[in-house]
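Heads up: the structure comes next, in structure tokens.
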Amino acid sequence: MANPAISTPLDVHLTKHPDSNRAIFFSSPQLTQLFPRRKPLTISCSSSKSPPKSESEKPKSLSEQLKPLTATTLSDSSSDNQTHLLSKPKSTWVNPSRPKRSVLSLQRQKKSSHSHNPQLRDLRRFAQKLNSSQDESEDAFMAALEEIPHPPSRENALLILNSLKPWQKTLLFFNWVKTQNSFPMETIFYNVTMKSLRFGRQFQVIEELAHEMISNGVELDNITYSTIITSAKRCKLFDKAVDWFEKMYTTGVMPDEVTYSAILDVYAQLGKVEEVLSLYERGRASGWKPDAITYAVLGKMFGEAGDFDGIRYVLQEMRSLGVQPNVVVYNTLLEAMGKAGKPGLARSLFEELIESGLTPNEKTLTALVKIYGKARWARDALELWDRMRSNSWPMDFILYNTLLNMCADLGLEEEAEKLFAEMKRSENSRPDSWSYTAMLNIYGSGGNVEKAMETFDEMSERGVQLNVMGTTCLIQCLGKAKRFDDIGRVFNVAVEKGVKPDDRLCGCLLSVVSLCENVDDENKVLSCLQQANPKLDDLVKLLQEEKPSFEAIKDEFRSVISNTAVESRRPFCNCLIDICRNGGRHERAHELLYLGTLYGLYPGLHNKTANEWSLDVRSLSVGAAQTALEEWMGTLYRIVQRKEELPELFSAQTGAGSHKFAQGMANSFASHVKKLAAPFRQCEDKAGFFVATREDLVSWVQSKAPSVVTV
DNA sequence: GTAGGGTTAG
């Protein structure tokens, strides 16, 4: 029976794009030729058709105009009004003789400038007093209001309203001013109050105020609408944000660029890329020259989608319009490059930022450090680190922690220790739970069990909260050192401190089970697993029994796997296979590999072309890889015997392991190949790549008894 | 937090 949870697609091969392109965007038009054009978007604009005269003269509401764009979208490619948005941004769909109706006002709403208030200091101080009052009750606040130093004139009231927080106090003051009846409540009072409510994520109250404005005939302006829209956005009420955006058109208020880019961000966060682009294009066609913030919104959207072509498009648009990115835009685009897997282009973009005379901030550097760490670009990471110090670029504790994580990614233990000590000495960047976790990760993956345990003890002494990732790193490290008693202790401390075991921790316990050499140790670890995930523990015990039928295993396996986070499913299966092999249950290991394959945990394990069949075991554990090799050799043996057609070349890939601490998968695989006397040879120029020719394979089959290769 | 839009960590 198909289990929907099991058929969830797995992201198996985290394809890396090891680009090292140093081309700089704003100065290299050739770069555009290196990449394929983005798939053109098609758009059907009902409003761009030539409508009958009478209808074209009738003003169409902007909401109506936008509808085909935002709601019915852009899929109707049969329309002859289709436009290739991205490949031809300034295309012919705007008929100059009949200019399209504007979708936004090119003039940004002006803010009133307030004149100097001689009572400013008094009023500020009074507002501070209201803010800092310990008694949060309404009565206390109302009593404190009695002491207002000057009468609440329009200007005075506005000044106080602007300085109040949190939102409860702002709202109380706003309502109090209303009861004073000294002057009519204008839009600006609502706007200021709504802003405070937005900090408190009080969308419902904001909406009530908006309705009050409507019923009292107070004008809602662009500032009101943009505040409402961004409040809804912050509360993830995207439907509400869109509703209010449409409401402004129907009530005849034209958005300016601030409101417009706010709504672009709403659609961007909804992942509605095509809608964002059509709105963007409509704005452009109205004569809008977007500012850097708009491009930050677009850049982030493409980054979230991992859409490198889209990021490139953003850069091209900015360049062609002469919009100079600011640091925030660069930061967003750097993040986006990271998510699109383009470390080389991120590096170029960073150099461009420097050349443009901007100074990177903490977020810039955090983004880049993270990218270099994940790409395992040690040289670039260390070079960047040097530059950070020599230029005294700003640091904060997130950047410190990101640097520590980078050290973990690159296996830079000494550098991490220096950094960690520096954090301890610092004023504002004391090591927190993240920092300690990074250290546990570094010591754990480096196999430095003594220091990992010292770190663990230090955390207890300093009252730093242990989290599930730290626990996992520690247990993994203790497992490799075969310190099974300590595993039980660490596990119990973690649970006592409120750590909730997740699937990664269970996978880690499972991998430790596979390292145990006797039943005593195994039971120590299994008792942890029993607490963390009883069903998984049951499955391990079932696999160790003599009797269970394949059907029984299949049922239990499916039940466990379907309740497991997608990214932990393959690791679970790998460990279960290892446990079976270690216990001498090879047949059961083959059954598990079969089940894993059946449930889609090993896509891409086998690849066939006319000339080459290959086995890719890079995402398997050592035991699972051996099982897969045996299985494959058995299959090939039978195919040779049946004299079926074979390709010229056979290959197996173990990967060379770019990580400093990566297990020697290639070595184990090589020795297993030798044990089977299989005809695979590791390529001298390509580590982790094994090949055999058809001739090798056929002569090997002819020289072997079936029992050698079949399990 | 100068009435409104955009950016940092397993």
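Naming: A, B, ... by sequence-line order, numbering from 1 per chain. As a basis for the values below, the full set of heavy atoms in this structure was taken, side chains included, without hydrogen atoms, waters or symmetry mates.
- Atom-to-atom distance recorded for A/L130:CG and A/I160:CD1 is 7.0 Å, nearest 0.5 angstrom.
- Under the 6.0 Å cut-off for aromatic ring centres, A/W176 and A/F141 do not qualify, their centroids lying 6.0 Å or more apart.
- Salt bridge present: A/E304 and A/K339 bring a charged side-chain N and a carboxylate O closer than 4.0 Å.
- Salt bridge annotation for A/E212-A/K178: present, with a cationic side-chain nitrogen under 4.0 angstrom from a carboxylate oxygen.
- A gap of 23 Å separates the C1' atoms of B/dT7 and B/dA3, to the nearest Å.
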Does the salt bridge (charged side-chain N to carboxylate O under 4.0 Å, His left out) test come out yes or no for A/R284 and A/E257, once each step is laid out? CA-CA 11 Å; A/R284 291 281 300 115; A/E257 70 171 332; over 6 Å; no

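- Within 4.0 Å (heavy atoms only), A/D265 reaches sugar-phosphate atoms of the nucleic acid but no base atom.
- Within the 4.0 angstrom heavy-atom criterion, only backbone atoms of the sugar-phosphate kind lie near A/N162; the bases stay farther away.
- B/dG6 sits 22 Å from B/dG10 when the P atoms are compared, rounded to a whole Å.
- Salt-bridge formation is not detected for the pair A/E458/A/K451: no Lys NZ or Arg NE/NH1/NH2 atom is positioned less than 4.0 Å from an Asp or Glu carboxylate oxygen.
- Counting non-hydrogen atoms under 4.0 angstrom, A/S112 reaches a base of the nucleic acid.
- Spacing between B/dG5 and B/dG1 at atom C1', rounded to whole Å, works out to 15 Å.
- Here the range on DNA chain B touched by chain A, meaning any atom under 4.0 Å from one of its heavy atoms, is B/dG1 to B/dG10.
- Counting non-hydrogen atoms under 4.0 angstrom, A/V192 reaches the backbone sugars and phosphates but no base.
- Using a 4.0 Å heavy-atom distance criterion, A/T193 is classed as making no nucleic acid contact.
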